[in-house]
Structures are given as C-alpha cells and as structure tokens.
Amino acid sequence: MNTDTDAGTTATTRRGLSVRGLQVGFGDRVLARQVDFEVRPAEIFCILGGSGSGKSTLLRVIMGLKTPQAGQVFYGEKNFWGGDEELRRDIMRATGALFQSGALWSSMTLVENVALILEQHTDMDETDIRDQALLKLALVGLAGFGDYYPSQISGGMRKRAGLARALALDPGILFLDEPSAGLDPVSSRMLDDLILELRETLGATFVIVSHELQSIFTIADNCIFLDAASRRVTARGKPSEMARDRNTEINALRFLTRGAGGGEREVPKA
Amino acid sequence: MQDSSQGISQRPQNRVLMTRPAPDSLSVRIGGQWRMGDVSPGREGELGPVLSAIEGGGVRRITLKAETLEQWDSSLLVFLVKLAGAARDSGITVKRDLPNGLARLVDLAFAVPATVDDKPKIEKEGLAASVGARVLALGPAISVFLVFIGEFSQSCHRLLLGRAHTRSQDFFSAVYECGVAALPIISLTSMLFGLILAFVGSVQLTQFGAQVYVAGLVSIGMLRIMGAIMVGVVMSGRVGAAYAALTGAMQANEEVDALRAAGIYPVDFLVLPRVLAMTAMAPLLTLYADIMGVIGGFLVAVTLMGLNPYEYLNATVQMTPFRHVLLGLVYGTVFGVIVALSGCFHGMNSGRSAQAVGLATTTAVVHSIVGIIVATAVITCIASALNI
C-alpha cells in the first residue's frame, strides 16, 4: 500500500543524532531544559535520571511522539522538529522504539505485530513478510512463539518481542524506554547481551532510558544525567568513569553509586 | 485492654510514667505492652498527659527511657514520632535511651521531611468559579474534537488516494462485530417495539373501529424513525462502548504510541475501518430492524386483535409510501456515524489509567445517545420543512 522507506532517510538515521537546547515539559511545567548531547553512530547512549526527572518525556520528544517546548533534534543534518510532518514520519519509520510495557498490539499475534510494520511500509509479499517477521523473532530468542498472543507470554518475552518489532525495518536508531525494568536479573542480563549483540552485528545506534545500574554499567558508552531538582543535565560521560570521578556532580554520583556518594564505592566492572 | 496484660497484671498497665526530676526537664518512662488496637497512642490516649506537660511550658529537656518495655509494635512508634514532632515544634531537646530497632524506626520516619508545597492542590471553589471553569474548559474540549475530525478527514483523504494505513481484515472483522453479531439483539428489541406500538395503538383505534390502521401506525412508526433509533441506541451500547474501551485501553498501554512510532497513522489503523464498517452496516441494520418491527406489529394484530393477515399486510403496503423507508435509512446512517465517531473519539483521547478508560467508555455512550437525539430533532425538522 505504501512506498518503500526511502533509502535517504535510513542513511540519515545511520549518522547518529544530536539534541540542541531542548526543553521538554507539560503545559507550563518544564521537566528538563537546555538539554544538549550528541549520539554517535553505533553508540549505546543512556539517558539517566531519578524518577520524575523527565527522561521518558525527553525520549518521547526525540522519538517524535511529543513536541518540544524549545530546541532542536537533528538526525544527521535533518532538523526533525523544524521540518514538516512528512519528514518526521519518514524518520520515525527509519527508527525503532521499544516501550516500557512492550506495548505490543494485543489483538495480534507476535508475528503479526512484526509483520504489520512490514506490510505498511514495504512492497514485500505475504510469505516474505512472514519469513522476515519470524527471523526478527528468532533474533530475539522467540523462535516458535510467533503465533502466541502478547497476553500468553511472560513480561520478559513481551519486552523481547517489542524489540523484535522495533527491529522490523532494520532501523538505524533504536529507542528503548526502560528495557530492563520489571525483568528478573537473568532476563535483564540476556536483554543487555542482546543489545550489545545487535549493535555489533547490525551497527544500530541505541538511545536508552534506564535506571538499572547494572545494565547501565554493562552496556552504555556514553550517558547524560538529568537532575530532577535543577531540571538540567548535570553530568555526562561514560557511566563507569563518572562513578569513579570525584568531580562528578553529587546527585549523579549518588545515582550511580546507589546513594554512597563518596568514600568507599563499589563500581561494577564495565 | 482486658487481655493485653496476660498473666502479668489484671489492672490497666502504666505504659507511660512521667516524672519531673528538675523544673525544666521531663522524664518519660515507657513500659508494658504496646499493641495496635489495645492502646491508643495519640493525643486522646497515652500521649495526652505528656503533651499537656509540654504545653504547660517550662520544659526544656525530655529524657525517654524504655527499661520496662515488654512488647511493642507500630502503636508505640506513633507515640514516639508524635512526641518527637511536638518536642521539635516547641524547641525541646529529647534525650533517648531506646532499644536500637525502635530508635532507628523513629529516625526513618523523620528521614525525609514532609513536603508542604508538593501536595496535590484540591481547590474548593464557589458556584461562580466552578461554572466559569466549566465554560472555560469547553473551548479546549471543542478544539480537541475538531482536531479529531480534521485527522479523520485527512485519513479519509488518504483512503481515497489509496495510501491509508488501513487493513481490509480490520474492516471486515468490524463489519462482523457491528453487523452480523448484532442481529440477535436487534431482532429482539425491534420486534418487541413493534409489538408495543401495535398494542398501544390498538387500544385507541379500536374505539373508533379503525383497527386496520394499526398496520399504518406500526409500519410508518418503525420504518420512518423507530427502527433507526432502536439501531442507534443498541449500537451505542454495543459498538460505541466497545470502540471506546478498545482504543482507550490501547492508548493506556502505549499501543497507540507504538503505532505512531512505527510511522502508522493511528486514525487510519484504528478509527477508519471501524467508522466505515459502522456506516456501512447501520442502514442494513435499520432495514432489518424495520422488518422485525413490522413482524411484531403483525403478530399482535393477527393473534390478539383478530385481523385478517392478508388484509393487514395489504394495509401495511398501502399506507406506507417508500419515502418513509428512505428517510429511515438516512436516520440510521447518521446514527451509525455518530455512534462510531463518538466511541473512537473518546477512546483515542482517553487518559492512561483504568479509571480514565472507564470514563471514556461511559462518556462515549452518553454522548452518542445525546447525539442521536439531537440528530433526530435536526433531521425531523429538515424533513418536515421539505415535506418528506
């Protein structure tokens, strides 16, 4: 029914993204202001922050689900919020998103969930689409679960199925909103491994909102810390280095060291 | 009180003992058993004497001891926290000699200071203010609805261009849901309505010996308007509520966001097939309801009023010009559009909680029924002006 994802847009999302002077919030309330950062291609970038610091809202703005109060988001050279809706839709099509709850379409089976995106955005025929969808499910370790409905599988499997759906069109950038929240330690570890694996093999860029320390230390190349009190980015860098650095801003340090703040600190090896 | 002192002493225990070792200091000894339900730790209970001593003035220091404490639970904690709070407010220093766990729990209760300004505001407003607020809220509500209508129109435009993100299987399953699956309940309600019309009419018409006009009463009543209204009301409960609940739950579960993030227009995918299915099915259901209503009237006329079946059917055809059927179909189609749009609109704009989805569903049904009645009035005026 639709035209192919245009190759130019996919190339755009392969060139990373940058956020300049972004301000997000609801109505008169500002959740985060003057957010600046750059995500390089094939980087795993984490947005950290305590509850209520606006990190999920920031992600929604970058993903294109919510308009910013000020500032710009650039995909490659393309000004995301400065352009028209057509441009945004093209870029959104070339990115993948995993929502906090998985947000699988509950009236469809797992394979249909993945296939829907392919049906809508490509001219592939039905059997190719099904094969492609099954492959994406197999990549996340859900081979054989294609005909299950989202309500019939566990929370961890739903997260992985959500990731398979996000991978449907081989996006250049993947947005993950709290991927390991609510998962048991083993599932959470498996998801981290999967993210690293996908970065290695597909060369995808990841922007992840998280507050699971273990997973942050394991996977993140770079991060920003949003401070809930000052509503700004107060620290940035590679999490494991930030945790060792005495000059890291105190709230960020407390976040990364589970409140220890200074003195004796245990930092898991990256 | 009775069994709180098992085997130790039958009289009420002295849980709190106060002494004044010096004029500016107060010594409080806590003892005995503290169990929730047996003891009242607040101002009306054990804390009362201590508070009146503090409020009496002159106390600068309090020493707390708990040597004779036997058993305790959160009731003692309430006592201590309230005491510590009162002491802090009056600038009294408290020296504690308490069991370790107890002291830590008291500290934990004070660890995070109570926030004063973060309380959710519950504004009590007068009549004028609340009327004003409601009127002011009307503007944004209308603009949200207009945005929805705009998105829906764009979606229809894309459908005509063949570029809409609509799946035919969604359309057909919606057709089944609001068409075939609704037949039993439409049969029941419409046939009963035909029966009722015939009964009510026969009482009056028999007095003039004009029983045969029951045929015209039932057929014109059903075909011109009542068949469509039966369909509209039943569909707003069946289909409108289902649409609102489904899209509302999808909104709450971020499924609508997931569609947008995947570059799929949610209105194309969720709203368009359902509104189209309802619009296509409403006239057919209206026609079906008309027939069932006429059958209902026929049953009453033939079995209870003793009219000749052939005569009745003949009168029905004679007395009902075809324009009534067409007007009924217009009513039915308009009602179908109202029900489907109202359901989808409230579902798509639902909040993200279980309560919000429930509210969206209720509002969808209420608005579609109000919409049906308003539309009936408007179409009836137009029809009478045009002499249809």
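Quick note on labels: first sequence line is chain A, next is B, and so on, each numbered from 1.
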> Which value, rounded to the nearest 0.5 Å, describes the distance between Asn253(B) atom CG and Gln100(A) atom CD?
Replying inline: 11.0 Å
>> Tell me whether Lys66(A) at atom NZ has more than 12 heavy atoms from other residues, nucleotides or ligands lying less than 6.0 Å away.
In response: yes
>> Other residues, nucleotides and ligands only: do more than 12 of their heavy atoms fall within 6.0 Å of CD on Gln169(B)?
In response: yes
> Rounded to the nearest 0.5 Å, what separation is found between the CZ atom of Arg167(B) and the CD atom of Glu112(A)?
Replying inline: 6.5 Å
> Given a strict heavy-atom distance threshold of 4.5 Å, which part of Leu259(B) is in contact with chain A: side chain, backbone, both, or neither?
Replying inline: both
>> Is Leu98(A) in contact with chain B via its backbone, its side chain, both, or neither, using a 4.5 Å heavy-atom distance?
In response: neither
> Of the non-hydrogen atoms in Thr166(B) and Gln120(A), which two are nearest, and what is the gap between them?
Replying inline: N-OE1, 4.4 Å
> Any idea which heavy atoms bring Ala103(A) and Ala258(B) closest together, and the distance?
Replying inline: O-CB, 3.8 Å
> How many angstroms lie between CH2 in Trp105(A) and CE in Met250(B), if you round to the nearest 0.5 Å?
Replying inline: 8.0 Å
> Taking it one step at a time, do Asp257(B) and Met63(A) satisfy side-chain contact (heavy atoms from CB on, under 4.5 Å)?
Replying inline: CA-CA 10 Å; Asp257(B) 284 336; Met63(A) 277 162 55; over 6 Å; no
> How many angstroms lie between OG in Ser107(A) and CG in Asp170(B), if you round to the nearest 0.5 Å?
Replying inline: 7.0 Å
>> Angle between ring planes, His165(B) versus His121(A), binned at 30° and 60°: parallel, tilted or perpendicular?
In response: perpendicular
> When heavy-atom pairs shorter than 4.5 Å are enumerated against chain B, which of Ser106(A), Ala168(A), Ala166(A) gives the highest number?
Replying inline: Ser106(A)
> Out of curiosity, Arg260(B) CZ to Arg60(A) CZ, how far, rounded to the nearest 0.5 Å?
Replying inline: 6.5 Å
> Given a strict heavy-atom distance threshold of 4.5 Å, which part of Phe269(B) is in contact with chain A: side chain, backbone, both, or neither?
Replying inline: side chain
> Just wondering, are more than 12 heavy atoms of other shown residues or ligands nearer than 6.0 Å to CZ in Phe74(A)?
Replying inline: yes
> If you draw a 6.0 Å radius around CD1 in Ile185(B), do more than 12 non-hydrogen atoms from other residues or ligands fall strictly inside?
Replying inline: no
> Arg88(A) versus chain B, heavy atoms under 4.5 Å apart: side chain, backbone, both or neither?
Replying inline: neither
